[in-house]
Q: 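The following block contains the structure, expressed as C-alpha cells.
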Amino acid sequence: MNKVLILCVGLCMAVAVCRAQEEKPLFTVIGGPDEPVLTATSPGCEDIQGGFEGGACVKVNGVYHLFPTERAGEKGQPAKYDRIKTRIGHWTSKDAIHWKREGTIFQSSGKYAVSHYDNPANDRRAAIWSYYPIFNRAHNRWQGYYLCYTCDSVIAPNHSFGRIWKCESEKEGMDGIGGPYHNLGIVMEPGLDTQLWEGRQGVASFYPYECPDGTWKAFYSGAYPFMSREDYPFGGKEGHWYIALAKSDSLDGVWERMGEDVNPVTSIHPEFVENPIVSRLPDGTYIAVFDGGPADKGFANKIGYTTSKDGLHWSKARYIAIEEKVKKWWITMRTPLCLIPEGNDVYTILYNAITKDRFHPMGMVKVRLNR
C-alpha cells in the first residue's frame, strides 16, 4: 500500500514539474528602443504613406537585410489605398536600429478588380505582400517567396484570391541577397485543390522550411473561410485567420497542400495565426514566430511563437510581452519579421505595429533564449 502511495505521489510530482517547465517562458525580454526604429520621418520613408506590414529580415555577413511590405499608397489618396499600392523594399543596417533604404524589389499595380470573381481580367498583382527570402543551396542563390492579391473595392476582404510567386537572385552566393531578382513563376494559387478554410483571401503568405528527412514543408494561410462550396465567392466568414501546411520533395519541387486531416493547423491557436516565420533553435527544435492577433478582435495583441520537433506537429501558441521591458508606443502589435540569433542565446526581433497615426512603424527588441 505504501509503495502504491509513493508511486502516486512520485507521478504527481513529475506531472507538476512538467507543467511548471511548460509554463516557464522560452524567452526573456532583454529590451530595445523605446520608440520605433523606422517612422514616417526616417530617411527613405518620404514616399511611404502607410508604413510597414509584414515581410522578413535576415542577417548576412554582419549586415541586416530587411524586406518589409511598404504600404506606399499615394499622396492625395485615402489611407485605404495604402493596402493596395504596396511594394517590397530592401533596407540594410549594421545594428538593426539605423536603416538605409537600398531600393525596391517588386511593386504592385494598385489596380482594383473589375470582377468580384477570380477572373483573369483582374490584375492579380494589384497588391504585393509578405516577402520571404530563402537561400537555395542547390542553386547557390537566394529565392524570394511573396504574395500577390486581387483587390476588390466592394467585397471584404479587399485582398482576395492570393497567389504565391517565387523569384531568384541574378547573382550567385550569399552576397546576392540584395538582388536584382527575376520571377520564376507561381508556386501556389486558388484551384480545384483549394480547401474551404482558405476562404476568399487564400492563399495568403507562404514560408518554406526543410524537414529532418530532407523533404520540405511550408506554412501557408487563408482567411474569410467558406463553410461550403456554395459560399464562393461572397460568403466568407470574417474573424478567422488560419494557417496550414504544404509539402514538397525539394525546395524546387511541386508544392502540394496536405490533407484536411492536417489542415488547418489549429493546435497553435484555433482562430488566429498570421505570417509565421520558421527557424531552428540550437537543439534543432523548430520555432515559428507570428502575429498573435489584435486586441480589438479578442486576441493576444502580442508576438506569438510555437515550437515543433518534427516540423509537422506544432505546440500551443505562447506570447512574448515585450512591453515588460520596452515602452509601449503601439496600440496594436502586428507581425514579427525575424528571430535572428546574435550569439550567447540572444535574438533580434524586428516587428510591425500600429499607432493612432496612418503610418505603421517598425520596432526592434532583443530577447534571450531560456534553455
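Computed from a predicted structure; not experimentally measured. Side chains are part of it too, since the values below use all heavy atoms of this structure and drop only hydrogens, waters and symmetry mates.
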Q: With a 3.5 Å cut-off and no angle check, do the side chains of Asp82 and Gln49 form a donor-acceptor pair?
A: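 On atom types as modelled, these side chains do not qualify, holding no pair under 3.5 Å.
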
Q: Answer with yes or no whether the side chains of Ser205 and Glu274 bring together a donor and an acceptor at under 3.5 Å.
A: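 Looking only at side-chain atoms, Ser205 and Glu274 do not form any donor-acceptor pair under 3.5 Å.
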
Q: Side-chain donor-acceptor pair under 3.5 Å between Glu172 and Trp142, yes or no?
A: no

Q: Please determine if Glu74 and Lys85 form a salt bridge, counting it only when a charged side-chain N lies under 4.0 Å from a carboxylate O.
A: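 Result for this pair is yes, salt bridge flagged.
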
Q: With a 4.0 Å cut-off, would you call Glu170 and Arg141 a salt bridge?
A: no

Q: Please indicate whether Lys59 has more than 12 foreign heavy atoms, meaning atoms of other residues, nucleotides or ligands, lying under 6.0 Å from its NZ.
A: yes

Q: Does some side-chain heavy atom of Met362 sit less than 4.5 Å from a side-chain heavy atom of Pro36?
A: no

Q: Between the side chains of Ser308 and Asp310, is a donor N or O closer than 3.5 angstrom to an acceptor N or O?
A: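 Judged by distance alone, the side chains do pair up.
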
Q: Are more than 12 heavy atoms from other residues, nucleotides or ligands located less than 6.0 Å from atom NE2 of His139?
A: yes

Q: Any salt bridge (charged side-chain N to carboxylate O under 4.0 Å, His left out) pairs touching residues 148-169, not counting sequence neighbours?
A: Asp118-Arg163, Asp152-Arg200, Arg163-Glu189

Q: If the plane angle is over 60° it's perpendicular, under 30° parallel, otherwise tilted; pick one for Trp255 and Phe206.
A: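 Perpendicular: the ring planes of Trp255 and Phe206 meet at over 60°.
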
Q: Just to verify, what does Tyr146 make a side chain to side chain donor-acceptor pair (under 3.5 Å) with, not counting sequence neighbours?
A: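 Per chain and number, Tyr146 pairs via side chain to side chain donor-acceptor pair (under 3.5 Å) with Arg125, Asn183.
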
Q: Under a 4.5 Å side-chain heavy-atom rule over Ile, Leu, Val, Met, Phe, Trp and Tyr, are Trp129 and Tyr81 clustered together?
A: no

Q: Distance to the ring centre below 6.0 angstrom and angle to the axis at most 45 degrees; does that hold for Arg334 and Tyr351?
A: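 Ring-cation test returns no.
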
Q: So that I can tick it off, tell me whether Lys366 and Glu342 are bridged by a salt bridge, with the cut-off set at under 4.0 angstrom between side-chain N and carboxylate O.
A: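 Looking at Glu342 and Lys366, the cut-off is met.
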
Q: On a heavy-atom basis, which atom in His360 and which in Arg358 lie closest, and how many Å separate them?
A: CD2-O, 3.3 Å

Q: Kindly work out whether a path of hydrophobic side-chain contacts (I/L/V/M/F/W/Y, heavy atoms less than 4.5 Å apart) joins Phe299 to Ile320.
A: no

Q: Checking side-chain polar atoms at under 3.5 Å, does Arg257 have a donor or acceptor matched by the opposite partner on Asn263?
A: no

Q: Under a 4.0 Å threshold between the charged nitrogen and the carboxylate oxygen, would Arg101 count as salt-bridged to Glu46?
A: no

Q: So does Asn344 have more than 12 non-hydrogen atoms from other groups sitting under 6.0 Å from CG?
A: no

Q: Flag yes if more than 12 heavy atoms outside Asp252 fall under 6.0 Å of its CG atom; otherwise flag no.
A: yes

Q: Return the orientation label for the Trp314 and Tyr209 ring planes: parallel under 30°, perpendicular over 60°, tilted otherwise.
A: perpendicular

Q: Indicate the ring-plane relationship of Tyr242 and His240, choosing parallel, tilted or perpendicular according to the 30° and 60° boundaries.
A: tilted

Q: Say you draw a straight line from CD1 of Ile268 to CD1 of Ile243; how long is it, rounded to the nearest 0.5 Å?
A: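 The CD1 atom of Ile268 sits 3.5 Å away from the CD1 atom of Ile243.
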
Q: Give a yes or no on whether a salt bridge exists between Asp291 and Lys302, defined as a side-chain N under 4.0 angstrom from a carboxylate O.
A: no

